[in-house]
There are 2 protein chains.
Amino acid sequence: MVERKVTSVDVARRAGVSQSAVSRTFTPGASVSVATREKVLAAAQALGYRPNMLARGLITRTTGLVGVVVGDLGNPYHPILFESLASRLQDRGKRPLLVHVPPQGTADAAVFEVLQYQIDGIILVAGSFAEATARECLAIGTPVVLVGRGIGDEGAEKLVDTVSSDNAGGARLAVEALVAAGHRRIAFIAGRRDTHSNSERHSAFLQALARHGLEPAGEEEGSYSYEGGRAAAQRLLARSPLPEALFCANDLMALGALDALRAAGLDVPGEISVVGFDDIPMAAWPAYELTTLRQDVDGIVTHAVDLLEARLSDHGRTAEQVILDVTLVKRNSARL
Amino acid sequence: MVERKVTSVDVARRAGVSQSAVSRTFTPGASVSVATREKVLAAAQALGYRPNMLARGLITRTTGLVGVVVGDLGNPYHPILFESLASRLQDRGKRPLLVHVPPQGTADAAVFEVLQYQIDGIILVAGSFAEATARECLAIGTPVVLVGRGIGDEGAEKLVDTVSSDNAGGARLAVEALVAAGHRRIAFIAGRRDTHSNSERHSAFLQALARHGLEPAGEEEGSYSYEGGRAAAQRLLARSPLPEALFCANDLMALGALDALRAAGLDVPGEISVVGFDDIPMAAWPAYELTTLRQDVDGIVTHAVDLLEARLSDHGRTAEQVILDVTLVKRNSARL
DNA sequence: GCCGAGGCCGCATACGTATGCAAAAATCTG
DNA sequence: CAGATTTTTGCATACGTATGCGGCCTCGGC
């Protein structure tokens with residue numbers, strides 16, 4: 001088996017034209033007559049020719065590859081976002097080059113690795129990111145879009161494009177609804193301390209409480225996982241008086257918390273309310289019927305790739321920070 | 001902002017050596033003295049040089065890119081498998097180039113697209129695949145590994161490497177356990193009809209029943225989704241006599257079925273047993289405690305990338321079909 | 001001090017495609 | 001139908017790196 005790759009030169013020879021003609025046939029918008037195009041296409045078809053994107057990328061300086069940094073696909077919210085993102089990118093003719101960062105890991109090292117592939121841009125859905133790394137990406141003309149996260153070092157805002165949900169607004173929504181329904185002792189189950197989303201949700205939670213002259217009725221960290229949420233709820237259950245409501249920084253923890261509360265024989269929402277964040281599919285399952293704050297996944301993804309493309313066509317534009325509304329979906333885990 | 005990429009030539013000039021020296025410094029196992037290596041590294045560091053993988057791949061004919069075809073990340077089993085696969089690939093110095101195929105879609109078109117990136121191999125975790133496509137990949141020296149699926153056209157076995165769980169064995173295990181516990185009227189909730197896994201689980205289910213002189217107490221399709229499983233269970237509930245047990249082709253459907261049964265006021269496992277397949281995390285949640293067949297995700301992933309690498313270092317080797325054991329994990333959704 | 005053996009190095013070329021430029025062909029204009 | 005204009009074409013070169021080859025240098029052994 002001869003492992004001959006068929007190149008544009010082979011096609012050219014067979015079609016009786018120049019290599020340029022072949023290239024032009026496969027370059028949309030290039031100047032080729034229909035006659036030659038047909039000849040070339042026929043030859044290409046016969047030989048099974050496929051343009052070599054590496055060689056092409058070497059010249060055009062654009063590969064169609066987009067680095068996508070993800071992590072913790074165990075949280076159902078992420079695969080959903082990711083799937084949407086991947087197919088959106090594909091629709092726009094781009095290909096996601098994956099970078100998986102382990103739970104605690106930082107994305108910097110991996111980012112430098114994918115930069116070698118001359119990617120057109122980077123979308124960060126997980127992991128943190130040092131400002132220096134961002135600067136370097138921008139310096140070599142690779143746009144960066146952060147989704148659902150801030151840049152590691154604060155103050156470096158206006159540097160990269162950003163899209164995320166209105167975390168603060170969501171937390172406020174939850175607190176207002178709970179307070180309006182008469183809850184006073186409201187506890188918080190936090191996600192990973194080192195995340196942007198958690199700090200925003202957390203501090204907005206505190207502020208909203210304060211606005212009503214309230215203090216949190218407990219705070220525990222659940223690391224954004226089901227197990228973590230369960231354990232956090234259990235710790236909260238040791239307090240007395242018991243909290244009347246739990247606001248969880250994401251749904252997965254809320255589900256864990258719900259299971260812990262039930263195991264303890266508590267009636268939800270009769271004796272205690274639970275509110276989550278994200279609105280993952282499981283939240284709607286009859287076994288949970290979780291009241292939660294829905295993130296606009298579609299909007300997030302759309303804005304993310306829009307920002308990326310905008311940046312690609314105008315490298316000089318100033319970074320934009322998109323914040324998307326979050327909606328409270330009332331189900332049956334909170335007395336509202 | 002001048003968008004000058006720094007190349008090996010720039011580094012060479014600055015380090016006062018030839019471009020070859022730079023290249024050799026970044027090529028493991030090449031012949032360079034420590035002195036020049038240091039000079040080069042220093043210059044590279046100062047300039048922020050990163051080798052261009054495209055140019056490199058053009059020459060070495062190996063990119064480190066592996067096409068990974070995924071789909072339906074809404075089923076929690078997939079992101080788990082996918083995450084494991086991605087990080088395993090990364091550990092071996094390869095990068096997953098993602099191809100997302102829509103639910104019903106075939107992977108062929110997308111595969112041809114990623115082939116243009118001169119990927120080193122393809123791992124198919126979703127989507128189907130025409131034999132012709134496989135042959136073409138092999139013809140140009142791109143190994144293909146199918147995980148959890150067969151090749152579209154049957155009979156083309158020995159063509160590509162394959163790793164999957166022992167679906168038949170799993171179905172048998174489930175039926176034997178159910179029958180041994182005294183169940184007689186056992187129904188089946190099927191996954192997508194066009195999948196390999198579903199046909200294997202289905203026919204082994206029928207055979208196992210037949211071995212005991214039994215017929216299925218109903219069969220409904222649930223398309224591998226939660227909603228599908230729920231609807232299928234509802235249809236099954238219309239039958240009389242009611243089935244005594246439900247064997248579901250995957251966990252997600254089993255959870256949907258469970259919720260449907262409960263909504264109908266049935267006691268599980270008192271009045272009816274439910275067995276799933278996969279062992280996704282939600283199966284262990286106290287709200288479900290689903291008895292199911294666990295797939296060895298880790299083993300699957302390991303074998304998949306092992307097979308890929310084996311093929312890469314010896315293109316002539318004959319295809320291998322790895323089948324991994326599945327284990328019955330007894331929880332509380334089936335009277336066993 | 002001489003010779004042989006390696007180890008390093010630089011030169012030149014190749015990988016497969018896109019594209020500016022000028023020539024050629026086709027089309028239009030009056 | 002000639003000239004002007006546009007479209008199409010081929011030539012040559014560039015993208016950034018890897019690598020075979022021959023030459024240089026170094027070092028050790030005698």
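Reminder, nothing fancy here: chain letters follow the sequence lines and each chain counts from 1. Worth knowing before you read on, the calculation uses all heavy atoms, side chains too, and leaves out hydrogens, waters and symmetry mates.
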Salt bridge (charged side-chain N to carboxylate O under 4.0 Å, His left out) between B:Asp10 and B:Arg13: does it pass, once the steps are laid out? CA-CA 5 Å; B:Asp10 301 325; B:Arg13 182 164 22 232; 3.3 Å; yes

Tell me: CD of B:Glu38 to P of C:dC8, nearest whole Å? 14 Å

Spacing of B:Lys39 atom NZ relative to C:dC8 atom P, expressed in whole Å: 14 Å

Interatomic distance, A:Arg56 CZ vs D:dA14 C1' [rounded to whole Å]: 16 Å

Going 5' to 3' along nucleotides 21-27 of chain C, which nucleotides have protein heavy atoms under 4.0 Å from the base (write B), which only from the sugar-phosphate (write S), and which from neither (write -)? -------

Expressed in angstrom and rounded to an integer, what is the separation of A:Arg13 atom CZ from C:dT17 atom P? 13 Å

Quick one: closest heavy-atom pair of B:Gly64 and B:Asp120, and the distance? N-OD2, 2.7 Å

Please check the phosphate of D:dG16 (OP1 and OP2 only) for any side-chain N or O of A:Arg61 closer than 4.0 Å. yes

What's the CD-C1' distance between B:Gln19 and C:dC15, to the nearest Å? 13 Å

Is the phosphate of C:dG16 approached by A:Ser23 (side-chain N or O, under 4.0 Å from OP1 or OP2)? no

C:dC9, OP1 or OP2 - any side-chain N/O from B:Ser33 closer than 4.0 Å? yes

Does a side-chain N or O of B:Thr36 approach OP1 or OP2 of C:dC8 to a distance below 4.0 Å, or not? no

Atom CG of B:Leu58 and atom C1' of C:dA18: how far apart are they, to the nearest Å? 13 Å

Among D:dT9, C:dA18, D:dA18, which is the nearest nucleotide to the side chain of A:Val32? D:dT9

Main chain of A:Ala319, side chain of A:Asp161: is a donor-acceptor contact present, judged purely on distance under 3.5 Å? no

For the student: nearest non-hydrogen atoms of B:Val70 and B:Phe82, plus distance: CG1-CD1, 3.6 Å

Exam field: side chain B:Thr27 to backbone B:Ala30, donor-acceptor pair closer than 3.5 Å: no

In whole Å, what is the span from the NZ atom of B:Lys5 to the P atom of D:dC15? 14 Å

Pairwise 5' ranking along DNA chain C for B:Ser20 and B:Ile59, keeping only the more 5' one: B:Ser20

Excluding sequence neighbours, so at least two apart, what forms ring-ring contact (aromatic ring centres under 6.0 Å, His included) with B:Tyr49? B:Phe26

Just N and O in the side chain of B:Ser8: are any of them under 4.0 Å from OP1 or OP2 of D:dT17? yes

Separation of A:Tyr117 atom OH from D:dT17 atom P, in whole Å? 14 Å

Does OP1 or OP2 of C:dG10 have a side-chain N or O of B:Ser18 closer than 4.0 Å? yes

D:dT17 OP1/OP2 closer than 4.0 Å to side-chain N/O of B:Tyr49: yes

